Undergrad: 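Before I ask anything, let me first share the structure, which is written out below as structure tokens.
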Amino acid sequence: MNTSSEADHARANPERKHDAITPRRHRAQKRLRKRPPTGRYRYVRWRWHTLFAIVDFLGELLRAVLLKFPAGRNRQDAARAPRSILLVQLDHLGDAVMTTAMLPALRQQWPAARIEVLAAPWNREVFEACGEVDQIHVSRVNRFAPGWRPLWPLALLRCGLRLRRGRFDLGIDVRGEMPLAAILWIAGVRRRVGWDCGGGGFLLTDCATYVAGRPEMESRLALMKLIGIDSPEWLRARAPWFAPPAGARSRVRDQLLRSNACGVPIFVFHIGAGTAAKRWPASHWQELLGRAIVQYGASVVLVGGKGERPIADEVLGGKPWPGVQNWTGRVSVAEMAAVIQQADLFVGADSGPAHLAAAVGTPAVVLFSGTNRPRQWRPWGKRVAVARHAVVCSPCHLTKCPLADHPCMTGMTPEAVMRRIGVVLGDGGLTSEPRNERAAPAVQEVGV
């Protein structure tokens, strides 16, 4: 970005003080930017490249010289149809939603196989709604659990040992991290498929090629091709989906009736985010609320987790707003998906609820900060628009912005977001495609 052009823009727009970037500030912002990784690993910090290069070298040495566990799969194992499949997805809600696109193809390819998922408490409801899943194992203590859990490596070992009972023929690590590859190895999975870009590739039998910045849905497609699923039908139909259970839909419908939200457009706003770097300012949310109510006559429902209640209180100023329902921290994932499904529009940060909106077919405007690339992480759906304010420090991959004015989010004005809303709603509403009711899988907690 040219510094002189930024200065000219600041002089032409004196009310936008956060856009006034001096050469010194411009250099400071550029230092925050993490360039795309090169080489084998996907980490943006070189210390992790070095660490896992050493770990993988030692692992390969141990495998070849001491332990002699097989480096690759037997050709006969690869050709044999798996009787049991384990899918590992312990990370974020949005990632789990994207992974649902893989399940119908797995079931179609191996209709007689038993499909099980190792999930976390915060994403288990996504897989509970998938009829292709026969059983869900829940790991409460893992690397992604909130708070410092110094004993999670021990829990990982216990989880892997418990999963040995499943005698899995095929295991898939969607994320690509050494602890997850270790679970598959400890569980004794015969064919272990994943990525070596996060370390621990020596624990796998099959590794897909990592491409930096590739859309996450295409990365899942690469994993499917690795195990022999590349049918044209699935390539055309691949898309995440989430079908809220009937009970959740009924409870949400009743609540909307009690709040007199029927007969008017319903907008759902997710006012929080997974990290502070992805949060939109409360003052911006306040202005957007007012504009949505006045311009569209909308009834607005605020959603989010329990930890986002203070954000909702700040947005509302601790007072009730006519036409606004605060459901933050009061609904489950299934109920959140149900209210989003019944809404005319969703607006929220680059976070799990935005992926839910795309999966249920609701038009969505997703507010992207400068932490990562929209092309890679945007929700995969028919009516998804991205709102973004370009800054020179993007992508920074930080959880908290070190700049006092947080320019990538403060620079994204409510006026700009309203324009994106107009675009996504311009040709009318969109209803999600009907899906068959599916049996709920069994749920089992492991490694607790």
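Keep in mind it's a predicted model, so treat the numbers as computed, not measured.
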Undergrad: Minimum heavy-atom separation for Pro379 and Ala358, please, with both atom names.
TA: CB-CB, 3.7 Å

Undergrad: Shortest non-hydrogen contact from Thr371 to Leu398?
TA: CG2-O, 3.3 Å

Undergrad: In Å and rounded to the nearest 0.5 Å, what is the OG1 to CD distance from Thr362 to Gln341?
TA: 6.5 Å

Undergrad: Nearest 0.5 Å, please: how far is CG in Asp230 from NZ in Lys225?
TA: 6.5 Å

Undergrad: Please check if the side chain of Arg309 supplies one atom and the backbone of Gly329 the other of a donor-acceptor pair under 3.5 Å.
TA: yes

Undergrad: Keeping the roles fixed (side chain from Arg192, backbone from Leu203), state whether a donor-acceptor pair exists under 3.5 Å.
TA: yes

Undergrad: Does Gly176 offer a backbone N or O that forms a donor-acceptor pair with the side chain of Arg42 under 3.5 Å?
TA: yes

Undergrad: Just so I know, are the side chains of Val211 and Glu218 near enough to count as touching, which here means a heavy-atom distance under 4.5 Å?
TA: no

Undergrad: Testing the 3.5 Å rule here: is there a donor-acceptor pair between the side chains of Asn123 and Glu125?
TA: no

Undergrad: Below 4.5 Å, heavy atoms only, C-beta onward: do Leu90 and Ile183 meet side chain to side chain?
TA: yes

Undergrad: Determine the sole option in Met224, Met217, Glu132 for which the side chain to side chain contact (heavy atoms under 4.5 Å, CB included) test with Met102 is passed.
TA: Met224

Undergrad: Short question: side chain of Thr410, backbone of Asp405 - any donor-acceptor pair under 3.5 Å?
TA: yes

Undergrad: If you apply the rule side chain to side chain contact (heavy atoms under 4.5 Å, CB included), what do you find for Phe267 with Leu288, and how did you get there?
TA: CA-CA 11 Å; Phe267 288 2; Leu288 188 70; over 6 Å; no

Undergrad: How far apart are the closest heavy atoms of Ala364 and Val424, and which atoms are they?
TA: O-CG2, 3.9 Å

Undergrad: Mind telling me whether Phe144 and His92 have parallel, tilted or perpendicular rings, with 30° and 60° as the class edges?
TA: perpendicular

Undergrad: Does the pair Glu415/Arg419 count as a salt bridge with the N-to-O cut at 4.0 Å?
TA: no

Undergrad: Where do Gly274 and Ser351 come nearest, in terms of heavy atoms and distance?
TA: N-OG, 3.8 Å

Undergrad: Is the closest side-chain heavy-atom distance between Pro244 and Glu335 below 4.5 Å?
TA: no

Undergrad: Heavy atoms, side chains only, cut-off 4.5 Å: are Trp110 and Leu170 in contact?
TA: yes

Undergrad: As a quick check of understanding, evaluate side chain to side chain contact (heavy atoms under 4.5 Å, CB included) for His137 and Glu116, giving each step before the final call.
TA: CA-CA 7 Å; His137 306 273; Glu116 303 184 19; 2.5 Å; yes

Undergrad: Which value, rounded to the nearest 0.5 Å, describes the distance between Met418 atom CE and Glu287 atom CD?
TA: 9.5 Å

Undergrad: Is the side chain of Arg220 donor-acceptor paired with the backbone N or O of Glu216 at a distance under 3.5 Å, no angle test?
TA: yes

Undergrad: Just to verify, what does Arg388 make a salt bridge (charged side-chain N to carboxylate O under 4.0 Å, His left out) with, not counting sequence neighbours?
TA: none

Undergrad: Any heavy-atom pair between the side chains of Val174 and Asp95 that's under 4.5 Å?
TA: no

Undergrad: Is a salt bridge present between Arg107 and Asp134, judged by a nitrogen-to-oxygen distance below 4.0 Å?
TA: yes

Undergrad: For Arg330, what residues pass the salt bridge (charged side-chain N to carboxylate O under 4.0 Å, His left out) criterion, not counting sequence neighbours?
TA: none

Undergrad: Run Arg279 and His406 through side chain to side chain contact (heavy atoms under 4.5 Å, CB included) and show every step you take.
TA: CA-CA 10 Å; Arg279 291 175 193 155; His406 198 181; 5.6 Å; no

Undergrad: Out of curiosity, Thr205 OG1 to Arg190 CZ, how far, rounded to the nearest 0.5 Å?
TA: 10.5 Å

Undergrad: Do the side chain of Arg378 and the main chain of Val384 share a donor and acceptor less than 3.5 angstrom apart?
TA: yes

Undergrad: More than 12 non-hydrogen atoms from neighbouring residues, nucleotides or ligands closer than 6.0 Å to CZ on Arg167, yes or no?
TA: no

Undergrad: Could you tell me whether the side chain of Ile340 reaches within less than 4.5 Å of the side chain of Met336, counting heavy atoms only?
TA: yes

Undergrad: Before giving the answer on side chain to side chain contact (heavy atoms under 4.5 Å, CB included), spell out for His355 and Leu93 the whole-Å C-alpha distance, their side-chain angles and the decisive distance to 0.1 Å.
TA: CA-CA 8 Å; His355 289 272; Leu93 175 64; over 6 Å; no

Undergrad: Roughly how far, to the nearest 0.5 Å, is CD1 of Ile186 from CG of Leu161?
TA: 6.5 Å

Undergrad: Between the side chain of Gln109 and the main-chain N/O of Leu106, is any donor-acceptor distance below 3.5 Å?
TA: no

Undergrad: Considering all heavy atoms of both residues, which atom of Ala243 and which atom of Ala129 are nearest to each other, and what is their separation?
TA: O-CB, 3.5 Å

Undergrad: What are the two closest heavy atoms between Trp195 and Ser219, and how far apart are they?
TA: CZ2-O, 3.3 Å

Undergrad: Kindly compute the distance separating CD1 (Ile115) from CD1 (Ile85), expressed to the nearest 0.5 Å.
TA: 5.0 Å

Undergrad: Could you tell me whether the side chain of Gln286 and the main chain of Glu314 form a donor-acceptor pair under 3.5 Å?
TA: yes

Undergrad: Any side-chain heavy atom of Glu177 within less than 4.5 Å of one from Asp91?
TA: no

Undergrad: Would you call the rings of Trp280 and Trp285 parallel, tilted or perpendicular, where under 30° means parallel and over 60° means perpendicular?
TA: perpendicular

Undergrad: Hey, does the side chain of Arg420 reach the backbone of Val386 with a donor-acceptor pair shorter than 3.5 angstrom?
TA: yes

Undergrad: Under 3.5 Å, side chain of Thr100 to main-chain N/O of Trp241, donor-acceptor pair present?
TA: yes

Undergrad: Just wondering, do Asn372 and Lys278 contact through their side chains at under 4.5 Å, heavy atoms?
TA: yes

